[in-house]
2 protein chains.
Amino acid sequence: MSESDTTREKIIVAARERFSHYGYPKTTIAELAEDCAMSPGNIYRFFKGKIDIAVEIARREALSAVEVIEAVLDCPLRSSRQRLEEVVFADLRYTFHLLENQPKTLELAQIVVSDRPQFQIESLRRERRVFQRILHEGQASGEFMVDNVPATTIALHAATTKYRYAQLFTNQTLAELERELAHVMTVIMRGLMPTSEGHAVAETQIPDETTALSFAASAVAASDTENRNENEMKTGTEEVSS
Amino acid sequence: MSESDTTREKIIVAARERFSHYGYPKTTIAELAEDCAMSPGNIYRFFKGKIDIAVEIARREALSAVEVIEAVLDCPLRSSRQRLEEVVFADLRYTFHLLENQPKTLELAQIVVSDRPQFQIESLRRERRVFQRILHEGQASGEFMVDNVPATTIALHAATTKYRYAQLFTNQTLAELERELAHVMTVIMRGLMPTSEGHAVAETQIPDETTALSFAASAVAASDTENRNENEMKTGTEEVSS
DNA sequence: TCAGTGAATAATTTATTGATTGTTCATTCT
DNA sequence: AGAATGAACAATCAATAAATTATTCACTGA
């Protein structure tokens with residue numbers, strides 16, 4: 001069991017290397033087998049097919065992307081508003097840099113999604129859970145005033161669609177997108193927060209790239225090498241409906 | 001001049017027919033020439049190339065789509081909130097039905113955009129002008145309380161990205177998208193409107209499909225057959241920055 | 001029994017070719 | 001002159017053949 005697990009890992013490592021260098025289509029099973037010093041046939045004892053190797057890699061990529069974002073939650077001494085903003089900006093920056101520096105990752109994701117539409121749905125759902133947790137906390141502390149948390153979670157997530165893998169929609173620069181997103185968040189925040197009469201909710205400021213993310217990056221780097229188990233992580237809040 | 005204009009129109013009519021039936025790639029210049037009872041070479045006295053015929057058709061399509069939406073503006077006895085909501089829902093429904101019933105139109109648009117990226121930028125800008133006009137009016141009447149109208153226009157437009165040609169992003173049904181959009185608009189409206197202390201801004205209701213749109217459809221149908229001039233229409237408000 | 005093999009086969013991709021199509025332009029009408 | 005032609009050429013596409021690749025499975029060695 002443990003033996004066959006390390007073999008499986010070897011395949012994944014080799015595949016990740018080749019997929020990111022040469023792309024999924026140009027990588028052959030025979031090459032992966034050679035990298036792992038085994039026969040092509042043996043690969044099929046660990047994966048049902050070539051696409052399933054890609055699915056596993058994409059799955060892990062998606063999980064670690066959410067981990068980056070979730071790390072903002074563990075950052076102490078922050079208001080719910082700050083958390084929400086940092087999560088949204090982290091999402092923009094993370095996916096923007098991903099497409100910029102690792103174009104093969106997008107290709108892989110597109111291949112996986114076109115073959116397994118459910119994959120995208122689940123990735124988005126995982127991301128929404130983070131939003132929902134923040135909304136929930138903000139609601140509990142009185143910082144937010146929302147009458148339907150699950151529905152507002154979906155709304156928030158939908159309204160920020162443009163800022164996930166933004167290069168798919170536009171060829172604006174990251175700086176332009178950040179300025180735009182600040183305006184979007186300003187409107188949304190005014191919609192979420194109760195207005196103590198008289199003074200309005202302040203504009204959203206573009207968060208510093210280093211603040212929350214250096215924290216997040218180190219947290220992920222630590223968890224990345226260690227407890228890599230197959231199970232979903234526990235959620236802590238109820239599901240987003242739909 | 002007038003003579004060569006009607007010839008040009010004949011080409012466009014023939015092209016629109018063939019493009020929507022058989023698609024852009026399967027339509028040949030020879031066929032268009034035959035439809036117009038002329039030689040292939042003569043087409044090139046009116047269009048620089050095949051793609052330019054598609055550009056002209058797409059340009060008109062985009063203009064008439066904005067006209068559908070602009071018609072909401074002429075609908076009397078409506079609050080700015082209602083106008084904004086009706087415009088956004090009209091956009092969702094119009095583009096949804098377009099992709100559903102006229103798949104070749106999407107194909108054409110994608111071909112045009114991949115060849116002329118500027119085309120998309122200008123179409124989006126035209127759409128934003130409608131948003132901006134409503135925001136402006138709402139601001140003037142005191143119904144909205146926005147400190148930066150151009151920036152908020154961009155934010156509003158960006159936050160509703162998912163609901164333009166929604167099938168490109170998701171395979172949700174129209175009914176699902178409408179419910180979702182209602183939640184998005186609820187949050188946004190709370191962000192735009194001043195809260196008289198005590199009672200909150202009401203939730204967005206999904207507008208009736210017939211109300212504003214039957215009005216709009218007839219208005220466009222009327223203008224569609226008649227004054228078809230090449231000029232841009234006058235805007236009436238200042239430009240959206242960027 | 002079980003991890004692993006590698007030749008055989010089915011499926012897909014790539015290369016090649018011939019046919020079609022977009023575009024030009026010297027020429028013909030009017 | 002300007003309007004239109006259609007043969008000529010280059011670019012693109014479709015069809016087929018050739019090569020490569022994914023996948024299976026009867027088999028081997030621990």
Side-chain angles (χ1 to χ4, degrees), chain A residues 1-58 104 107-108 110-116 119 230, chain B residues 1-59 104 107-108 110-116 119:
Chain A
M1 213 26 155
S2 174
E3 178 57 28
S4 81
D5 259 12
T6 63
T7 310
R8 192 183 146 95
E9 285 307 310
K10 246 181 23 183
I11 296 170
I12 290 172
V13 168
R16 195 168 7 217
E17 185 64 17
R18 289 215 178 248
F19 288 170
S20 67
H21 270 341
Y22 311 108
Y24 174 85
K26 294 267 182 215
T27 299
T28 73
I29 293 289
E31 286 166 345
L32 294 182
E34 189 165 21
D35 291 348
C36 302
M38 60 173 67
S39 65
N42 200 36
I43 301 269
Y44 288 84
R45 300 207 317 111
F46 300 92
F47 293 96
K48 197 161 167 305
K50 184 185 179 185
I51 187 70
D52 297 275
I53 306 176
V55 168
E56 179 60 20
I57 290 173
K104 299 292 184 191
E107 181 203 56
L108 198 75
Q110 286 175 331
I111 290 167
V112 167
V113 167
S114 83
D115 214 79
R116 308 276 169 90
F119 179 87
E230 302 295 304
Chain B
M1 212 28 156
S2 175
E3 178 58 28
S4 80
D5 258 13
T6 64
T7 310
R8 193 182 144 96
E9 286 306 310
K10 244 178 30 180
I11 296 171
I12 289 172
V13 168
R16 192 163 18 211
E17 184 65 16
R18 290 218 179 247
F19 289 170
S20 67
H21 270 341
Y22 311 109
Y24 175 84
K26 294 269 182 211
T27 298
T28 73
I29 293 289
E31 286 167 345
L32 294 182
E34 188 165 23
D35 291 350
C36 301
M38 60 173 68
S39 65
N42 200 35
I43 301 267
Y44 289 84
R45 300 206 317 111
F46 301 93
F47 293 95
K48 199 162 167 305
K50 185 185 180 186
I51 188 69
D52 298 274
I53 306 175
V55 169
E56 178 60 21
I57 290 174
R59 199 184 69 86
K104 300 291 185 194
E107 182 202 55
L108 198 75
Q110 285 174 332
I111 289 168
V112 167
V113 167
S114 82
D115 215 79
R116 308 276 169 90
F119 180 87

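The figures that follow rest on heavy atoms only: side chains count, while hydrogens, waters and symmetry mates do not. Throughout, protein chains are lettered first and strands after them, A, B, ... in sequence-line order, and every chain is numbered starting at 1. Predicted model, so just to flag it, every value in this text is computed and none were measured.
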Problem - Nearest-angstrom distance from the residue atom CD1 of I43(B) to P of dA4(D) - result: 11 Å
Exercise for the section: Would you kindly give the CD-to-C1' distance between E31(A) and dT23(D), to the nearest whole Å? Expected result: 16 Å
Completion exercise
Nearest-nucleotide check on DNA chain D, N42(A) vs P25(A); residue mapping nearer the 5' end is P25(A)
Handout entry: Which nucleotide in dA22(D), dG6(D), dG4(C) has an atom nearest any side-chain atom of S39(B)
Key = dG6(D)
Handout entry: Contact summary for A14(B) and D35(B), nearest pair of heavy atoms
Key = CB-CB, 3.8 Å
Fill in the blank from the handout: On DNA chain C, more 5' by nearest nucleotide between G41(A) and K26(A) is G41(A)
Exercise for the section: Would you tell me if any nitrogen or oxygen in the side chain of Y44(A) comes within less than 4.0 Å of OP1 or OP2 on dT23(D)? Expected result: yes
Handout entry: From CD1 (I111(B)) to CZ (F119(B)), nearest 0.5 Å
Key = 12.5 Å
Practice task
When you get a sec, tell me which of dT23(C), dA22(D), dG6(C) is the closest nucleotide to the side chain of I29(B)?
Solution key: dT23(C)
Problem - Residue F46(B), side-chain heavy atoms: nucleotide from dT23(C), dG4(C), dA4(D) that is nearest - result: dA4(D)
Handout entry: Gap between atoms CZ and P, on R45(A) and dT1(C) respectively (whole Å)
Key = 14 Å
Exercise for the section: Figure out the CG/C1' separation between L32(A) and dT21(D), and round it to whole Å. Expected result: 12 Å
Exercise for the section: Measure the distance from CD1 on I111(A) to P on dA22(D) and round it to the nearest whole Å. Expected result: 12 Å
Exercise for the section: Evaluate the salt bridge (Lys or Arg N to Asp or Glu O under 4.0 Å) criterion for residues R59(B) and D52(B): first the C-alpha distance (whole Å), next the side-chain angles of each, then the deciding distance (0.1 Å), finally the verdict. Expected result: CA-CA 10 Å; R59(B) 199 184 69 86; D52(B) 298 274; over 6 Å; no
Problem - Considering all heavy atoms, the nearest H21(A)-K104(A) contact - result: O-CE, 3.9 Å
Problem - Geometric cation-pi criterion, K50(A) with Y24(A): 6.0 Å, 45° - result: yes
Practice task
Check the distance between dT21(D)'s C1' and Y24(A)'s OH and give it to me in whole angstrom.
Solution key: 11 Å
Exercise for the section: Would you mind telling me which of dA3(C), dT24(D), dT23(C) lies closest to the side-chain atoms of K50(B)? Expected result: dT23(C)
Practice task
Could you state the atom-to-atom distance from CG of D115(B) to P of dT12(D) in whole Å?
Solution key: 12 Å
Completion exercise
Rounded to whole Å, the CE-C1' distance (M38(A) to dG6(C)) equals 14 Å
